[in-house]
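Report on one structure; see the data block that follows.
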Amino acid sequence: MMLCFENDYSEGAHEEVLKRLIETNMEQLPGYGTDRYSGQAKEKIRKACGCPDADIYFLTGGTQTNQTVISAMLDSNEGVAAAETGHISTHEAGAIECTGHKVLTIPQKDGKLPAERLEAYLRTFYADENHEHMVFPGMVYISHPTEYGTLYTRGELAQLSEVCARYHIPLYLDGARLSYGLAADGTDVSLKDVAEYCDVFYIGGTKTGALCGEAVVFPNGNAPRHFVTKIKQRGALLAKGRLTGVQFDALFTDDLYLRAGRNAIETAKALKKAFQEKGYEFYIDSPTNQIFVVLIDEQAERLKEHVVFSFWEKPDDAHTVVRFATSWATKMEDVERMEKFL
């Protein structure tokens with residue numbers, strides 16, 4: 001059987017999530033997220049975020065969530081500023097552009113959008129006497145972890161938040177892998193910090209033990225008007241809203257969300273150590289569950305016979321950058337088997 005380190009959503013769902021789905025399966029519940037399990041999940045998330053007045057909505061997938069949130073918050077003349085490597089800029093098939101909004105890319109640093117580069121971009125935009133003829137930067141998008149598995153510090157989030165506040169635009173954080181960022185060694189960012197510095201963010205379930213589902217949080221009760229209607233317009237409103245509600249109720253019971261994230265971090269650390277001991281070169285130092293390794297093309301072809309991993313980019317004609325990802329479901333035995341092929 002092939003080993004799989006391709007992504008963090010290859011498996012179905014955490015057994016505790018599945019158990020709750022089975023236990024509640026035959027209950028007759030109202031639709032569209034008005035059931036009691038969705039309500040319970042929202043209260044648990046509000047408590048975890050330290051935001052008693054937060055507006056919370058459950059959607060099914062990350063791209064769908066990004067498209068819905070961003071299009072709902074932008075005026076027709078506005079675009080969203082993001083790092084050039086941001087997920088909405090690279091791997092979402094133009095989902096944002098399909099809504100009539102432009103992704104305004106800014107040079108990144110280690111996958112992150114530095115506050116000073118954002119501030120320079122905004123300052124330059126408004127200094128241009130022709131800016132009324134241009135796409136206005138209407139909000140800022142970041143992800144935590146980034147596409148390169150790197151993390152913002154609490155100070156960096158505070159700086160980005162300050163720049164956004166000065167220019168009166170919201171800061172939006174894509175949390176598809178947020179649990180892995182919160183569980184990483186050495187991070188000083190908590191869920192409450194995310195809620196403090198961001199105007200909107202989402203807590204990823206799809207990549208952290210749910211069958212599907214993302215929880216969008218407007219921490220200050222600041223959701224756009226008629227947001228449920230806008231979710232439905234994007235085909236993102238489930239009639240069986242219980243599906244996401246029950247799952248997030250389970251994920252935010254007994255710290256399952258963080259426990260699941262921690263498993264990915266521990267197995268990633270072991271896998272990273274195995275690569276280090278064999279002398280492999282890393283493309284970037286990632287503290288989370290994504291490991292980026294530079295392979296000689298012949299090494300990559302040999303490993304493909306035993307392990308599934310992701311192509312990332314070609315730095316030159318002889319080497320390939322590949323990604324190995326651990327997850328909430330990765331076992332230490334998987335890592336030990338992997339070591340034999342290095």
Side-chain angles (χ1 to χ4, degrees), residues 4-24 37-38 40-51 54 56 58 60-62 143-145 149-152 154 173-195 201-217 243-273 286-291 324-336 338:
C4 184
F5 290 95
E6 184 177 14
N7 54 52
D8 38 22
Y9 47 90
S10 292
E11 295 85 3
H14 192 284
E15 60 183 12
E16 292 181 41
V17 173
L18 276 181
K19 180 182 177 184
R20 290 300 291 143
L21 285 168
I22 293 169
E23 288 172 347
T24 61
Y37 296 108
S38 296
Q40 288 174 186
K42 290 176 182 180
E43 283 305 314
K44 290 176 181 179
I45 292 172
R46 289 185 182 107
K47 183 176 181 180
C49 294
C51 299
I56 299 171
F58 297 122
T60 54
S143 61
H144 183 82
T150 53
L151 296 172
Y152 289 90
R154 191 174 189 273
L173 185 144
D174 178 330
R177 295 186 171 94
L178 184 55
S179 73
Y180 303 137
L182 298 175
D185 291 343
T187 183
D188 65 349
V189 173
S190 69
L191 190 55
K192 289 182 179 179
D193 293 325
V194 172
F201 62 95
Y202 81 85
I203 301 169
T206 299
K207 295 174 179 175
T208 315
L211 286 171
C212 63
E214 327 296 331
V216 177
V217 181
L243 176 63
T244 47
V246 169
Q247 291 184 90
F248 272 94
D249 189 33
L251 286 171
F252 277 82
T253 298
D254 298 328
D255 292 325
L256 176 58
Y257 189 70
L258 292 177
R259 285 188 283 120
R262 191 64 199 169
N263 181 77
I265 297 301
E266 291 299 329
T267 50
K269 284 165 57 179
L271 183 58
K272 190 173 182 180
K273 182 180 178 182
S286 165
T288 55
N289 70 314
Q290 300 180 83
I291 303 169
F324 294 83
T326 58
S327 78
W328 58 272
T330 305
K331 298 178 176 62
M332 281 297 180
E333 303 92 270
D334 299 332
V335 176
E336 291 167 2
M338 175 72 189

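This one's a predicted model, so the numbers in the text were calculated from it and none came from an experiment.
- Aromatic ring orientation, F248 versus F58: parallel (interplanar angle below 30°, classes split at 30° and 60°).
- In this structure the side chain of T208 reaches within 4.5 angstrom of the side chain of Y257, judged on heavy atoms.
- Residues H14 and V17 have side chains in contact (heavy-atom distance under 4.5 Å, counting atoms from C-beta outward).
- When all heavy atoms are compared, the tightest approach of A184 to L151 is CB-CD1, 3.6 Å.
- Within the 3.5 Å criterion, the main-chain N or O of F324 finds no donor-acceptor partner in the side chain of Q290.
- A donor-acceptor pair under 3.5 Å is absent between the side-chain atoms of D254 and the main chain of L256, judged by distance alone.
- Contact of the T187 side chain with the L182 side chain is not registered, since no non-hydrogen atoms from C-beta on lie closer than 4.5 Å.
- Between T330 and F5 there is a side-chain heavy-atom pair separated by less than 4.5 Å.
- Counting non-hydrogen atoms of neighbouring residues, nucleotides and ligands closer than 6.0 angstrom, the CG atom of D188 exceeds 12 such neighbours.
- Heavy atoms only, all atoms of each residue included: S38 and G245 are closest at OG-CA, 3.3 Å.
- The backbone N or O of L178 sits nowhere less than 3.5 Å from a side-chain atom of H144 that would complete a donor-acceptor pair.
- K42 places no side-chain N or O within donor-acceptor distance of the main-chain N or O of D249, the cut-off being under 3.5 Å.
- Annotation: side chain of R262 is not in contact with side chain of S179 (no heavy-atom distance under 4.5 Å).
- Comment: R20 does not engage E16 in a salt bridge, judged by the lack of any side-chain N to carboxylate O separation of less than 4.0 angstrom.
- A pairwise comparison of heavy atoms in T206 and T60 identifies OG1-O, 3.5 Å as the closest pair.
- For the atom pair OG1 (T24) and OH (Y37), the distance works out to 5.5 Å, reported to the nearest 0.5 Å.
- Within the 3.5 Å criterion, the main-chain N or O of A260 finds no donor-acceptor partner in the side chain of N263.
- Judged by distance alone, with hydrogens and angles left aside, the side-chain atoms of N7 form a donor-acceptor pair with the main-chain N or O of S10 at under 3.5 Å.
- Minimum interatomic distance between T253 and R259 (heavy atoms only, all atoms of both residues): O-NH2, 4.1 Å.
- Between the side chain of D193 and the main chain of S190, a donor-acceptor pair closer than 3.5 Å is present.
- At distances below 3.5 Å, at least one donor-acceptor pair connects side-chain atoms of N289 with backbone N or O atoms of T326.
- Note that CG of L21 is 5.0 Å distant from CD of Q247, once rounded to the nearest 0.5 Å.
- For the atom pair OH of Y180 and CG of D8, the computed distance is 5.0 Å after rounding to the nearest 0.5 Å.
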Stepwise side chain to side chain contact (heavy atoms under 4.5 Å, CB included) check, W328 with E11: CA-CA 9 Å; W328 58 272; E11 295 85 3; 3.7 Å; yes
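- Between L191 and I203 there is a side-chain heavy-atom pair separated by less than 4.5 Å.
- The closest side-chain heavy-atom distance from V194 to V189 is below 4.5 Å.
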Going through the checks in order, is the side chain to side chain contact (heavy atoms under 4.5 Å, CB included) test met by D185 and K269? CA-CA 10 Å; D185 291 343; K269 284 165 57 179; 2.9 Å; yes
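- Under the 3.5 Å distance criterion, with hydrogens and angles disregarded, no donor-acceptor pair is assigned to the side chains of K207 and S327.
- Contact between A13 and A210 at its shortest, heavy atoms only, is CB-C, 4.2 Å.
- Of all heavy-atom pairs between T244 and C212, the closest is CG2-O, 4.3 Å.
- Among K47, Q40, R46, the single residue meeting the side chain to side chain donor-acceptor pair (under 3.5 Å) criterion with E43 is R46.
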